Structure formats: C-alpha cells, structure tokens
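Comments concern the structure below.
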Amino acid sequence: MSRVLCRTVFTLRLKVSLSRNMSAYLIEDPKYSFLKDLGLENKNIGVFNGKWEANGQVIQSLSPANGKVIAEVQTASPSDYEACAAASQDAWHYWAELPAPARGEIVRQIGDALREKLQPLGKLVSLEMGKILPEAIGEVVEYIHVCDLALGLSRSLPGTVFPSERPGHVLIEKWNPLGPIGIITAFNFPVAVFGWNSAIAMVCGDTSVWKPSDTTPLVAVAVTKIVESVLKKNDIPGAVAALCVGGKEIGQQLVQDPRMKLVSFTGSTAVGQQVGVEVQKRFGRHLLELGGNNAIVVNSDANLDLLLSAALFACAGTAGQRCTTTRRLLIHKKLYNEVVSRLKKSFAGVISKIGDPLLPETLIGPLHTPAAVEAYKRTVAEAVKQGGKIEFGGKVIEREGFFVEPTIITDLPHDSPLVKNECFAPIVYCIEIPDLETGIKYNNEVDQGLSSSLFTENLGDVFKWIGSHGSDCGIVNVNIPTNGAEVGGAFGGEKATGGGRECGSDAWKAYMRRATVTINYSGTIKLAQNIKFGDQ
C-alpha cells in the first residue's frame, strides 16, 4: 500500500474514531436533552466578552455520577483573558453611568430568565457537579433570590448626611461603583456563588470577569448564555458579565491584574491565602470565602429528634461537599452514646438512596472527582491508624461514578490534626464533651471559623453561644444545621475562612468605594477643629 494511501486510511480512521467519541458524549443521549435546551453543544466556547471566542486547550467535562464525558469546552488562552479584562473595563464606563435602578431592572430580568431555565439549569448542575436535583434546583433558586435582593438594593443604596461643625458646610458620605471585579468560583456551588457576587456587583455598578472551576465549565457557559440573552435584549455590552474558563494560569492572571479592583475567591484556605497575598501586593481588594471545619454542639438538654433530623443533612448532604458541612459533632457525655447510635441508624437508612443525583429517590450523590475519592480513602485509613473507630461507613461504593459511604468516626481526640483538618467528604467525627463551655472551646480551636450550631432548649445557653465568648464563627446557628444559609444575611466566616462576606446585610459595601464629601456653600473658608491659619 502506498504511503499516501496509508496516510489517507489513517486519517479516515481518526475521523471515524473522533466521530464515535463525540457521539458517545452524554449531550447526544436523549436522556439529557435538557443540555441542548440550555444552548450547549458537543464542543462549547468557554470565553465570552461580548462575543464567544476561545483559543486555549479543549477540556472534557465529566459527570461524577458515571465518569462519562458530558461535552467539551474550549478554554481561555492568556490573550483571551486579556481581551476579557479589556472589554470588561470598557463596558464599565457605560455600566457605571446607568442609574442604579436601571441596573436593578437588568438584574430583575436576569432573575426572570433564570426562572424560565430553572429545571434544565438545575439538571445540569446535578449532572456536572453531582448534587441531588432538589439541591441543584435550590442552588439556581438561590441566584434568583439574590437577584430579587439586588433589585431592592438598587433603589435603596444609601448615602449619609452628617452634621458639619462648620457653618455653611454639608458633610456627606457617597458610594460609587468600584470598577471591574474578578470572580473565581469553586465546583461545589457553580451557580449560586457567581450569583451572590454578580447580582450585587451589577446593581453596585461593577462589571465582572468570571473564572469558574474548570470541572464545572458547562454550568458556567449555560449561566453566561442566560445572562447574555438579557444584556443583548437591552443593548447592554456583553462584557458587563465576561466569562473566562481556564486553569490555574488564568486565575493567576486575574488575581495579579490591577484592573480587577476586587477579587472574590471561593476555594481552599491554602489557595485563598495565596490569592489574598497577591491581591494585597497591588493594593487591590479581596473577598475570601475559604474552608470550614464546622461543628454542632449538642447540649445536655438538646431535642434529639430535632438534632438527628438536622444532622443527617448537615453531615451527609451534598456528599459532604459544602463549605458549611458539619465535620464535628461535639456531644454532651449524657447524650453521647444515644446520639452516636441513632446517627448510625440514620446513616444506614440512606445507604440505599445513594446514587444517580438526577433520580427522584436519591438523597446523596457522588463525590465530584476521583481525587476526592482518594482523599476520602486516605482520611479513613489515617483515622484508623491513629486509633479512630469507624462506627459507620468508611468504604468506597463499587459502582460506576465516584461514590462513597457517609462515615462516622469516634475515639479520636478533639485536637487530633486529622479532626482539625477539613476533608471535603461525608466524614463526621463524634467527640464527647462534659459541658457547654468545653463545647465552645473545641468549636473555636480549629483554624477555620465559618459555621457552627448549638442544639439546646436553654435560653441562657443560647445567649452564651451567640455572645462575645461563644462561637467565633461568622455563622452562629441555634437548633438548625450548620449548612443551608438564606440570602438575606451576610454569608462568610472568620479566621482561616477568610473574613469575606457575600449576599445580604451590608455585603454590598465590598463592591463599592466610599467617599467622604464636604461641600462649602458659605462663601468663606473655615477650617475644622477651629484651626486659625494666617488671616482666617
């Protein structure tokens, strides 16, 4: 056979092989027709700055429920990021000049557009991230709720008039848009965390460049297409909400870019610390939402039915992949044995409901990646090595996908390095305490300070728990799980959780710059503090 003919045959075989591979993608399966309802294709562009164009490597998005490829996404090159940042800066000059209520109207329309795509977008989150469908739909609803919150904010952004000590002067506080901001989000909340930042930032007058997790790129593309449709309908520059799917190098570009006046980063404490340092080097602002090692303190008078109902979701929901997942149960000695026994029964009751997150009977989906499964295995093995007892679970489930058993571990000391380390998996450590004071001490001794909860019927202990010598976390709950926050309050934590606040309350202040303004209408110069200078 001639060399030309051989080359032709090889090329034909390669094309057939590629065609077969593409047809094997889940997006071609009628079961997942909702993917095309979101405008997704076999190969998608992961960069948007008013137009869809990418020049980086092509990555495959996998479903953690079966390990199969959903579709492909072409990521950003360094020059693609530069184009996004420049377009975002240009768009800001237009966007910041719109009245805040006009910006709020755009955000309202984004909320409505999300409502129209609620079911397919929720299914995509479930398929690509791995959380069960009710949680995935709830995540999209959270973005919608933030749009509602932001709409109200757009007509109530405050300014303040202070009394001036000088006659004929007025002293005011004025809030102005900050500029383009960078949003770096994690895999576990691929819609909501972007929404927390984007909706509030938009009404504040900021534009954004979003770098999502490169393991949930399809969600980012689908969300951006929804936002784009609203911007396009209103003749708003698309780069008001730019997208830049990419890896570590794109994140570094964004973090080091002085045009990004604020960098909002959600992820691990280790990476967040690096982000904070890099942004501070250029005197930029950072908003960090990092790790959590959250505890439920079970007081001696706790309502155990209430506790067990909460603990199942708190410890095992989302397969332990929430930053607010309960990692430690600090249980009063009087109740310890009963709580552990009943929790084991609760966990046993959901084993048969671990599976495909899109199925209605499923309560717990998979871990997100094979690496997460390996981290789970290492943690369980190390716990046993250190003398811990596996009360329940501890095994990988042998089936397609990345599934593990929710796990209860006892007999490790409260200050074990393993207990004080966050493993992003459904593992909870049960620790006995003699009293509430010890529970508060153990709650506070970890590096992180995100979420916490106390189960008690004692009003005095409630106020001790939420007071100055109580929990040192940013979220301090009573008689509810550590996870599942509402949008009306500020979300975030203290210490190694980063100190950032997103969503409600006054979290909007992070996205604006404050100016103290003194206006003299007296016709004469009078200095403050009655200072006399020269002939004044």
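In this text, all values refer to a predicted model and were calculated from it rather than measured experimentally. Residue numbers run from 1 in the order of the sequence given.
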Leu450 versus Phe491: any side-chain heavy-atom pair under 4.5 Å? yes
Walk me through whether Lys377 and Val396 qualify under side-chain contact (heavy atoms from CB on, under 4.5 Å). CA-CA 8 Å; Lys377 289 165 62 178; Val396 175; 3.5 Å; yes
Enter the distance from Asp80:CG to Glu53:CD here, rounded to the nearest 0.5 Å. 7.0 Å
How long is the gap from CG on Leu312 to OG1 on Thr326, to the nearest 0.5 Å? 11.0 Å
Side-chain donor or acceptor of Ser61 paired with backbone N/O of Pro217 under 3.5 Å: no
Does Glu249 have more than 12 heavy atoms from other residues, nucleotides or ligands lying within 6.0 Å of its CD? yes
Is Lys117 reaching over with its side chain to a backbone N or O of Val223, donor-acceptor style, under 3.5 angstrom? no
Side-chain donor or acceptor of His368 paired with backbone N/O of Met129 under 3.5 Å: yes
Donor-acceptor check, side chain of Asn293 to backbone of Lys420, threshold 3.5 angstrom: yes or no? yes
Looking at every non-hydrogen atom in both residues, tell me the closest pair between Ala71 and Glu41 and how far apart they are. CB-O, 3.5 Å
For the residue pair Trp52 and Phe48, categorise the inter-ring angle as parallel (less than 30°), tilted (30 to 60°) or perpendicular (more than 60°). tilted
Report, as yes or no, whether the 6.0 Å neighbourhood of atom CD on Glu486 holds more than 12 heavy atoms from other residues, nucleotides or ligands. no
Which heavy atom of Ala136 sits nearest to which heavy atom of Gly122, and what is that distance? CB-O, 3.1 Å
Evaluate whether atom NZ of Lys495 has more than 12 neighbouring non-hydrogen atoms of other residues, nucleotides or ligands under 6.0 angstrom away. yes
Heavy-atom pair of closest approach, residues Ile364 and Pro406: CD1-CG, 4.3 Å
Is a side-chain donor-acceptor pair under 3.5 Å present for Tyr376 with Thr407? yes
Least distance between heavy atoms, Ile183 atom then Ser198 atom: CD1-N, 4.1 Å
Which atoms form the tightest heavy-atom contact between Leu290 and Cys323, and what is the distance? O-CB, 4.2 Å
Hey, is the main chain of Val255 close enough, under 3.5 Å, to the side chain of Arg282 for a donor-acceptor pair? yes
After noting the C-alpha distance and the side-chain angles of Lys225 and Glu228, does the key distance pass the salt bridge (Lys or Arg N to Asp or Glu O under 4.0 Å) rule? CA-CA 5 Å; Lys225 284 180 178 292; Glu228 178 201 13; 5.3 Å; no
Within 45° of the six-membered ring axis of Phe392 and under 6.0 Å from that ring's centre, is NZ or CZ of Lys345 located there? no
Chi angles and distances behind the side-chain contact (heavy atoms from CB on, under 4.5 Å) call for Glu374, Phe402: CA-CA 10 Å; Glu374 290 303 312; Phe402 315 134; over 6 Å; no
In Å, rounded to the nearest 0.5 Å, how long is the span from OG1 of Thr379 to CD of Glu382? 8.5 Å
Side chain to side chain contact (heavy atoms under 4.5 Å, CB included) test vs Val219 passes for just one of Leu38, Thr185, Val191, namely Val191
Have a look at Ser451 and tell me which of Asn483, Thr324, Thr497, Ile296 forms a side chain to side chain contact (heavy atoms under 4.5 Å, CB included) with it. Thr324
Passing candidate, side chain to side chain contact (heavy atoms under 4.5 Å, CB included) with Leu127, options Leu358, Asp356, Leu62: Leu358
List the steps and the verdict of side-chain contact (heavy atoms from CB on, under 4.5 Å) for Arg328 and Val446. CA-CA 11 Å; Arg328 298 172 295 146; Val446 297; 3.6 Å; yes
Taking the side chain as every heavy atom from C-beta outward, state whether Lys131 and Pro357 have any atom pair closer than 4.5 Å. no
So do Asp206 and Trp92 actually touch side chain to side chain, heavy atoms under 4.5 Å? yes
Could you check whether any side-chain heavy atom of Val141 comes within less than 4.5 Å of a side-chain heavy atom of His145, counting everything from C-beta outward? yes
Spatial distance of atom CD (Glu391) from atom OG1 (Thr410) [nearest 0.5 Å]: 3.5 Å
All heavy atoms of Pro64 vs all of Leu367, minimum pair found to be CB-O, 3.3 Å
Rounded to the nearest 0.5 angstrom, the CD-CZ distance for Glu398 and Phe403 is 12.5 Å
Are side-chain heavy atoms of Leu26 and Asn66 found at a separation under 4.5 Å? yes
Can you tell me how far the NZ atom of Lys43 sits from the OH atom of Tyr25, to the nearest 0.5 Å? 9.5 Å
Any heavy-atom pair between the side chains of Glu135 and Phe313 that's under 4.5 Å? yes
Using atom types as modelled and distance alone, determine if a side-chain donor or acceptor of Arg327 lies under 3.5 Å from a backbone N or O of Asn421. no
Is any side-chain heavy atom of Gln321 closer than 4.5 Å to a side-chain heavy atom of Phe187? yes
Is any side-chain heavy atom of Arg285 closer than 4.5 Å to a side-chain heavy atom of Val279? no
Donor-acceptor pair, distance only, cut-off 3.5 Å: does the side chain of Trp508 make one with the backbone of Ile200? no
Could you tell me whether the side chain of Arg322 and the main chain of Phe424 form a donor-acceptor pair under 3.5 Å? no
Backbone of Ala496 reached by a side-chain donor or acceptor of Thr269 within 3.5 Å: yes
Determine whether a donor-acceptor pair (N or O, by modelled atom type, separation under 3.5 Å) exists between the side chain of Arg259 and the backbone of Leu254. no
Residues Thr318, Thr325; criterion side-chain contact (heavy atoms from CB on, under 4.5 Å); working and verdict: CA-CA 8 Å; Thr318 329; Thr325 292; 5.6 Å; no
